[in-house]
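Every chain is numbered from 1 and lettered A, B, ... according to where its sequence line falls, protein lines coming before strand lines. These figures come from a predicted structure and were not determined experimentally.
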Amino acid sequence: MIRALATKRFNRSLTVRPDDQLIAAVLAGDTADFAELAARYRDRVERLCQRFFADREMVRDLSQESFIRAFTGLPSYRAELPFVNWLRTIVANVCYDELRRRQRRPEELVADFSAPERTWVQLVSEATPEEIVDAAERRQEAHDLAHRLLDSLRPEDRTVMILKESEELSVSEIAETMGWSEAKVKIRAFRARQSMRRQAERILARAPRRIER
Amino acid sequence: MNCLEARKEFPHYWRRVMLAEARISLVEHLGNCPLCDRAFRTFALSAPVVHSVVVADDMESTQRTPLDLARPRRPTISRDQPGRTRRIAAVAAVLLVVGGITAWSSAQSPAENFVESVVGEVSDVDPTYSSDPIESAADTFAPESSRFDSPSPDSSELPDGGFAANGLEG
């Protein structure tokens with residue numbers, strides 16, 4: 001009996017079972033299969049959460065919450081849509097709800113930079129494009145400042161910006177994901193870009209004047 | 001490369017998914033076009049989160065907690081909560097207005113009403129309080145001897161040195 005179970009598990013581990021098969025198994029009552037599904041998409045879910053929030057604990061919580069919602073909502077999943085898209089809809093909505101819950105006044109956010117953030121701004125305003133790209137990969141403050149900039153957006157604008165720019169979804173896909181009209185998505189995307197540009201300009205204007213190379 | 005083409009390539013340049021020639025062409029354009037150069041710098045401030053392939057703050061797999069489906073859910077707000085808040089605020093505003101009108105239209109004068117609502121019934125007010133400012137001032141600036149009917153005697157003048165008065169007898 002134990003050997004049979006072990007063989008079954010071993011065979012499972014050798015073959016990559018498609019999502020639909022795992023979902024069918026979970027719906028049939030084998031809830032342990034959901035762990036495999038979750039492990040498969042965990043990186044992706046966390047990466048999307050990280051675009052919304054810098055805080056690790058928050059990212060973990062939201063990722064967990066997304067999987068719980070996916071598990072409890074699995075009976076409503078329709079196979080016409082790839083599972084990953086359905087899961088992304090859940091994650092985007094979980095993050096959006098959280099953004100709305102902790103909404104702050106935008107004007108409070110882009111102010112009072114830390115010393116490393118000021119150094120980063122100065123580098124962005126003075127260095128060559130290649131140096132900027134290289135430095136951004138190594139500097140945590142580059143990420144902190146980018147999150148700060150995103151914090152200055154309204155939750156709707158921020159959600160659209162992340163789904164459009166980071167996830168590279170089309171307007172119609174974003175509309176479907178968030179349950180909004182395409183017109184609303186377009187307006188939000190425009191406002192998000194405009195607002196981000198304005199805030200970034202303000203930050204760069206504070207940096208010392210660029211040294212001519 | 002023109003400005004429109006150059007700006008479309010920013011995300012690819014940031015993610016390093018451009019051909020070498022295109023990359024060189026973009027850098028050249030940025031060197032010659034101050035507007036695109038500025039646009040690239042504003043882009044660079046948000047790109048570390050918006051356009052990065054892997055977010056730098058990536059979590060180590062060892063730090064991950066196992067998925068716990070039985071865990072209590074996070075408190076979340078419903079999408080219609082702002083509407084509910086507005087309704088509560090509207091009801092509160094109506095109650096305030098009705099309360100205000102009731103208070104101001106009662107038999108007493110508005111000022112009395114206000115005083116009563118703040119300090120309670122007039123009889124509740126400290127009986128030593130004098131509403132006559134001259135009387136109050138006279139009382140305040142009167143010589144000390146006249147303010148006390150029976151000044152307490154100096155304890156050193158008492159026969160027992162004041163011990164009995166202070167409860168320290170014996």
Side-chain angles (χ1 to χ4, degrees), chain A residues 31 34-35 38-39 42-43 46-47 50-52 54 56 59-65 67-69 71-72 94 97-98 100-101 120-121 124-125 128-130 132-133 136-140 142-150 161-162 165-166 168 179 196-201 203-204 210 213, chain B residues 6-7 9-18 23-24 26-31 33-61 63-82 85:
Chain A
T31 51
F34 191 78
R42 197 159 185 173
D43 277 345
E46 283 180 353
R47 210 174 301 138
Q50 275 182 293
R51 305 234 190 237
F52 281 89
R56 284 181 175 206
V59 168
R60 272 195 208 107
D61 279 3
L62 294 176
S63 151
Q64 174 97 358
E65 171 66 18
F67 281 116
I68 291 171
R69 280 201 204 176
F71 180 72
T72 52
V94 165
D97 285 347
E98 182 60 25
R100 280 162 51 89
R101 201 175 69 81
W120 166 242
V121 171
V124 169
S125 66
T128 64
E130 204 60 34
I132 294 170
V133 176
E137 288 170 0
R138 288 177 275 110
R139 287 172 177 256
Q140 182 57 44
H143 295 261
D144 294 343
L145 193 68
H147 267 295
R148 232 188 230 251
L149 260 174
L150 285 166
M161 165 139 283
I162 289 169
E165 304 294 337
S166 309
E168 296 182 329
M196 284 286 275
R197 199 179 307 130
R198 207 171 32 234
Q199 299 283 16
E201 287 285 357
I203 292 171
L204 285 176
R210 191 178 165 200
R213 291 189 301 275
Chain B
R7 290 182 193 203
E9 293 296 339
F10 286 174
H12 302 130
Y13 179 75
W14 193 268
R15 291 173 182 167
R16 298 180 188 281
V17 288
M18 278 177 88
R23 204 174 171 83
I24 292 165
L26 175 64
V27 173
E28 247 177 42
H29 179 83
L30 293 178
C33 176
L35 285 178
C36 285
D37 181 71
R38 190 71 177 172
F40 178 76
R41 289 171 201 283
T42 56
F43 165 88
L45 287 179
S46 62
V49 168
V50 177
H51 293 284
S52 63
V53 179
V54 179
V55 181
D57 196 23
D58 219 349
M59 286 186 270
E60 297 293 324
S61 56
Q63 290 178 326
R64 287 176 173 171
T65 48
L67 187 65
D68 179 11
L69 297 173
R71 210 187 67 157
R73 304 184 70 167
R74 294 171 62 81
T76 52
I77 54 161
S78 64
R79 293 287 168 90
D80 58 347
Q81 187 153 338
T85 312

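When Leu145(A), Leu150(A), Ile132(A), Val133(A) are compared by the number of non-hydrogen pairs under 4.5 Å with chain B, Val133(A) comes out ahead.
Looking at Ile162(A), there are no atoms closer than 4.5 Å to chain B (heavy atoms on both sides), in backbone or side chain. For a residue to count as touching a neighbouring chain, one of its non-hydrogen atoms must lie under 4.5 Å from one of that chain's; by this rule Leu30(B) touches chain A with the side chain only.
Look at Arg69(A) and Glu65(A) and you find a salt bridge, because one of the NZ, NE, NH1 or NH2 atoms lies within 4.0 Å of a carboxylate O, short of that distance.
Residues passing the side-chain hydrogen bond (donor to acceptor under 3.5 Å, both in side chains) test with Arg7(B): none are found, sequence neighbours excluded. Legend: residues meeting side-chain hydrogen bond (donor to acceptor under 3.5 Å, both in side chains) with Arg16(B), ordered by chain and number and at least two apart, are Glu130(A), Asp134(A), Glu137(A).
Judged by distance alone, the side chain of His12(B) and the main-chain N or O of Arg23(B) form no donor-acceptor pair under 3.5 Å.
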